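Both counts, for ligands and for their atoms, begin at 1 and track the order of listing. Note that the structure is predicted; figures quoted are calculated from it, not measured. Heavy atoms only: backbone and side chains are in, while hydrogens, waters and symmetry mates are out.
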Amino acid sequence: MLEIKPLGLDGVMEIVPRRLTDERGFFSEVYNAARLSEHGIDVSFVQDNHSYSVAAGTLRGLHYQLPPRVQAKLVRVVRGRVFDVAVDIRKGSPTFAQWIGLELSAERWNQILVPVGFAHGFLTLEPETEVVYKVSEHYSAEHDRAIRFDDPQIGIQWPLDAGGLHLSAKDRNAPLLTDATPFDLSV
Ligand SMILES: Cc1cn([C@H]2C[C@H](O)[C@@H](COP(=O)(O)OP(=O)(O)O[C@H]3O[C@H](C)C(=O)[C@H](O)[C@H]3O)O2)c(=O)[nH]c1=O
């Protein structure tokens, strides 16, 4: 019922659930804990989020929550397309500051699993894009943190086109990874 592909950074996976089509349209189990567990993915999610971005070129991220409110995320696009990015921010990790990017779209029907210890962000590639995602820990404004999307130490190759970039003030003024709140996510 689903395809799972490691993306080359510790635990970051692409997941593609099947769409069962008939003359009416399709049906898809977009989240099934037992199916994921069969593939060794045992994350309990406690909150569903839904973000809608009007314009292409909207960049949300890079975000994470500090311990003890760290979050794993299961992200998918139900309308439009995004370039989705996970960054390893675990102090002491051999792949610290490395990133993985993946296009998620309603058409591809694919998802990305972002484990605890990774910052997450996405750039919308079409207007009117809707992203829905599960998180494994409730939102905590006190533990919510951001890192600059264009941090040279990380070096994400965002597919920016000539259009403007739409950022929140929080993201525009986010610190670099080196100046981010010191934390040890390997706990
Ligand atoms: C994340 C979150 C936010 N909020 C409130 C806080 C603000 O009043 C408003 C917008 O929050 P923010 O600007 O942080 O939203 P995004 O920029 O889309 O943040 C998300 O962007 C990237 C892609 C992520 O991975 C995170 O899940 C999340 O940080 O919603 C809540 O009430 N609950 C929540 O779980």
Measure and list all N/O to N/O distances between ligand 1 and the protein that fall under 3.5 angstrom.
unit_1: ligand 1; atom_1: 14 (O); unit_2: K170; atom_2: NZ; d: 2.8
unit_1: ligand 1; atom_1: 18 (O); unit_2: R60; atom_2: NH1; d: 2.8
unit_1: ligand 1; atom_1: 19 (O); unit_2: H63; atom_2: ND1; d: 3.2
unit_1: ligand 1; atom_1: 21 (O); unit_2: H63; atom_2: ND1; d: 3.1
unit_1: ligand 1; atom_1: 25 (O); unit_2: K73; atom_2: NZ; d: 2.9
unit_1: ligand 1; atom_1: 25 (O); unit_2: H120; atom_2: ND1; d: 2.7
unit_1: ligand 1; atom_1: 27 (O); unit_2: Y133; atom_2: OH; d: 2.8
unit_1: ligand 1; atom_1: 29 (O); unit_2: H63; atom_2: ND1; d: 2.6
unit_1: ligand 1; atom_1: 35 (O); unit_2: Q47; atom_2: NE2; d: 3.0

Checklist entry - Are any non-hydrogen side-chain atoms of V30 and W109 less than 4.5 angstrom apart? => result yes
Item to check | Residues E107, R81: salt bridge by 4.0 Å N-O rule | outcome: no
Checklist entry - Should K134 and D48 count as side-chain neighbours, where that means a heavy-atom distance under 4.5 Å? => result yes
Item to check | Residue pairs passing the side chain to side chain donor-acceptor pair (under 3.5 Å) test where at least one lies in residues 155-167, sequence neighbours excluded | outcome: none
Item to check | Partners passing side-chain hydrogen bond (donor to acceptor under 3.5 Å, both in side chains) against E29 (at least two apart in sequence or in another chain) | outcome: N32
Checklist entry - By the rule that ILVMFWY residues connect when side-chain heavy atoms come within less than 4.5 angstrom, directly or transitively, which residues belong alongside I4? => result L2, M13, I15, Y31, L36, I41, V43, F45, L74, L113
